[in-house]
Amino acid sequence: MTQKIVFITGATSGFGEACAHKFAANHYNIILNGRREEKLRTVQSSIEQQYGVQCYGLPFDVQDRKSVFEAVATLPEAWQQIDVLINNAGLALGRDLFDEASLDDWDTMIDTNVKGLLYVSKAVLPYMIPHKKGHIINLGSTAAKEVYERGNVYCATKSAVEAISKAMRIDLLAHQIKVTAIHPGAAETEFSIVRFKGDENAAKKTYEGYEPLTAEDVAEVIFYTTTLPKHVCINDLVLTATQQANSVYFNKKS
Ligand code: NDP
Ligand code: 8X3
């Protein structure tokens, strides 16, 4: 296989799905992950039909350490030379004050956004290191940059993603692996529907009064970071809607 390979976690929706389209349109073969197998197959066949590239569906839960390592180990040899890993799978659960938030929500966010990212990276790196090339892209957030009210543990997980990205960049220097942390502001995907546990009205309110980012905007920027010469690495990149300055300040029309 001569085409490049990108491995995208959380490719059944939002940024991950948009990245799958963007990279496929640019002739990458795609390894797609997510828990919803049916959705994964739908994304897979849509991409194969539209772009004529190959996809490999690898459904697993990034929180489950054993499943991550077992699934990644099953990749056929032709799929092992991974050029780009996008650690995108992640979620927020709840927007509650610290003293009122659910411990289960906290566990799930930490297990997915932090531990899942660590497991997948550790499982994929043995496919990159021998080739002395590779690019790991980690999805942080503006929530990594400023903590906001009722964001407590979600913000903490994204700060952890920022710190882990810095640490990876140092420890993987010898292997010439690029590490990029991408920090989007508010983008309208399934993110808020998940955060508000299916409450579509609450989710919709998150994006009222301004034009948020789209998944495609974010995929465009992620793809751009992979197009630079071998000696150039974007380390840390924040992108927001023009009507958003940071985690807290928006120019909303009432
Ligand atoms: P979506 O909810 O649209 O997509 C999240 C994806 O992650 C889905 O494909 C979901 O698939 C997958 N996922 C969630 N949990 C797991 C798991 N345990 N194992 C495997 N896959 C999982 O959200 P976004 O696309 O908006 O978010 C993508 C990333 O970007 C997240 O890390 C989020 O924190 C971050 N982000 C989002 C912003 C936003 O405003 N939307 C802004 C900044 C960062 P499935 O359910 O099938 O497993
Ligand atoms: C997602 C954006 O502002 O809800 O990371 O934290 S925000």
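We count ligands from 1, going down the list as the structure has it; atoms in each ligand are counted the same way. The chain is numbered in sequence order, starting from 1.
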Regarding ligand 1, does [X] bring an N or O atom to under 3.5 Å of one of the ligand's N or O atoms?
X    : answer
D61  : yes
N113 : no
T12  : yes
P184 : no
G16  : no
A187 : yes
G10  : yes
T189 : yes

Practice task
Measure from the side-chain N and O atoms of D64 to the backbone N and O of F60, and report whether any donor-acceptor pair falls under 3.5 Å.
Solution key: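 Between the backbone of F60 and the side chain of D64 there is no qualifying donor-acceptor contact (under 3.5 Å).
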
Handout entry: Sidechain-backbone polar pair: S247 side chain, E146 backbone, donor-acceptor under 3.5 Å
Key =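 Between the backbone of E146 and the side chain of S247 there is a qualifying donor-acceptor contact (under 3.5 Å).
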
Provide, to 0.1 Å, the distance between [atom] and the closest protein heavy atom, together with that atom's residue and name.
atom                    : result
atom 3 (O) of ligand 1  : S13 OG, 2.5 Å
atom 2 (C) of ligand 2  : S141 OG, 3.8 Å
atom 29 (C) of ligand 1 : N88 O, 3.0 Å
atom 7 (S) of ligand 2  : Y148 OH, 3.5 Å
atom 44 (C) of ligand 1 : G140 O, 3.1 Å
atom 5 (C) of ligand 1  : G90 O, 3.8 Å
atom 36 (N) of ligand 1 : F15 CE1, 3.6 Å
atom 42 (C) of ligand 1 : G185 O, 3.2 Å
atom 19 (N) of ligand 1 : V62 N, 3.0 Å
atom 15 (N) of ligand 1 : R35 NH2, 3.2 Å

Practice task
In sequence, state the C-alpha distance, the side-chain angles, and the governing distance for R169 and E162, and then conclude on salt bridge (charged side-chain N to carboxylate O under 4.0 Å, His left out).
Solution key: CA-CA 11 Å; R169 201 173 301 113; E162 184 173 27; over 6 Å; no

Problem - Side chain, backbone, both or neither: the part of K158 lying under 4.0 Å from ligand 2 by heavy atom - result: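 Answer for K158: neither.
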
Ligand 1 contact on [X] by region, counting heavy-atom pairs under 4.0 Å:
X    : answer
A11  : backbone
A89  : both
K158 : side chain

Handout entry: Side-chain donor-acceptor contact under 3.5 Å, D96 with S102
Key =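 Side-chain D/A pair, D96 to S102: absent.
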
Practice task
Run the numbers for me: atoms of ligand 2, each under 4.0 Å from some heavy atom of R195, listed by number.
Solution key: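 Counting from 1, the qualifying ligand atoms are 4 (O).
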
Exercise for the section: Number the atoms of ligand 2 from 1 as they appear, then name those within less than 4.0 Å of a heavy atom of A143, with their elements. Expected result: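 Going through ligand 2 atom by atom, the ones under 4.0 Å from A143 are 6 (O).
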
Exercise for the section: Give me the one residue out of Y207, Y210, Y148 that meets ring-ring contact (aromatic ring centres under 6.0 Å, His included) with F250. Expected result: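 For F250, the ring-ring contact (aromatic ring centres under 6.0 Å, His included) test succeeds with only one of Y207, Y210, Y148, which is Y210.
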
Could you list the atoms of ligand 1 found under 4.0 angstrom from a heavy atom of [X]?
X    : value
N33  : 20 (C), 21 (N)
G14  : 3 (O), 25 (O)
E190 : 2 (O), 3 (O)

Problem - Pair N235-V179, side chain to side chain contact (heavy atoms under 4.5 Å, CB included): steps then yes or no - result: CA-CA 6 Å; N235 293 348; V179 181; over 6 Å; no

Exercise for the section: Take atom CD of E208 as the centre, draw a 6.0 Å sphere, and report whether it contains more than 12 heavy atoms from other residues, nucleotides or ligands. Expected result: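 Yes, enclosed.
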
Exercise for the section: Might you confirm whether atom NZ of K133 has over 12 heavy atoms from other residues, nucleotides or ligands at distances under 6.0 Å? Expected result: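 Buried by this count: over 12 neighbours within 6.0 Å.
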
Exercise for the section: Determine, stepwise, if the pair Y154 / L93 fulfils side chain to side chain contact (heavy atoms under 4.5 Å, CB included). Expected result: CA-CA 8 Å; Y154 178 69; L93 286 174; over 6 Å; no

Practice task
Run the ring-centre check on W106 versus F98 and record whether the distance is less than 6.0 Å.
Solution key: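 They qualify: ring centres under 6.0 Å apart.
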
Exercise for the section: May I ask you to check whether H21 and Y51 place their ring centers less than 6.0 Å from one another? Expected result: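 Centroid separation for H21 and Y51: below 6.0 Å.
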
Problem - Closest to atom 33 (C) of ligand 1 (judged by heavy-atom distance), picking from F60, Y154, Y207 - result: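 Selected option, by shortest heavy-atom distance: Y154.
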
Problem - Within 45° cone and under 6.0 Å: K122 NZ/CZ vs Y119 ring - result: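 No, K122 does not sit over the ring of Y119.
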
Mind checking whether [X] has a heavy atom under 4.0 Å from ligand 1?
X    : answer
T9   : no
Q63  : yes
A186 : yes

Handout entry: Given L139, I136, T9, the one that forms side chain to side chain contact (heavy atoms under 4.5 Å, CB included) with I86
Key =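 Only one of L139, I136, T9 forms a side chain to side chain contact (heavy atoms under 4.5 Å, CB included) with I86, namely L139.
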
Exercise for the section: Could you tell me whether Y154 and ligand 2 have an N or O pair separated by under 3.5 Å? Expected result: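 Indeed, backbone or side chain, Y154 has an N or O that close.
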
Handout entry: T142 N/O under 3.5 Å from ligand 2 N/O
Key =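 No, T142 has no N/O under 3.5 Å of an N/O on ligand 2.
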
Exercise for the section: Given salt bridge (charged side-chain N to carboxylate O under 4.0 Å, His left out), test R41 with E37 step by step and report yes or no. Expected result: CA-CA 6 Å; R41 302 295 164 212; E37 284 202 48; 3.8 Å; yes

Practice task
Please determine if K204 and E188 form a salt bridge, counting it only when a charged side-chain N lies under 4.0 Å from a carboxylate O.
Solution key: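 No, no charged N to carboxylate O under 4.0 Å.
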
Practice task
Using a strict 4.0 Å threshold on nitrogen-to-oxygen distance, state whether R95 and E149 make a salt bridge.
Solution key: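 No, this pair does not count.
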
Handout entry: side chain to side chain contact (heavy atoms under 4.5 Å, CB included) evaluation trace for L40 with T42
Key = CA-CA 5 Å; L40 200 65; T42 308; over 6 Å; no

Practice task
Walk me through it: do D105 and K197 pass the test salt bridge (charged side-chain N to carboxylate O under 4.0 Å, His left out)?
Solution key: CA-CA 11 Å; D105 287 351; K197 303 174 182 172; 2.6 Å; yes

Problem - Evaluation steps, side chain to side chain contact (heavy atoms under 4.5 Å, CB included), between Y28 and T226 - result: CA-CA 12 Å; Y28 273 74; T226 68; 4.2 Å; yes

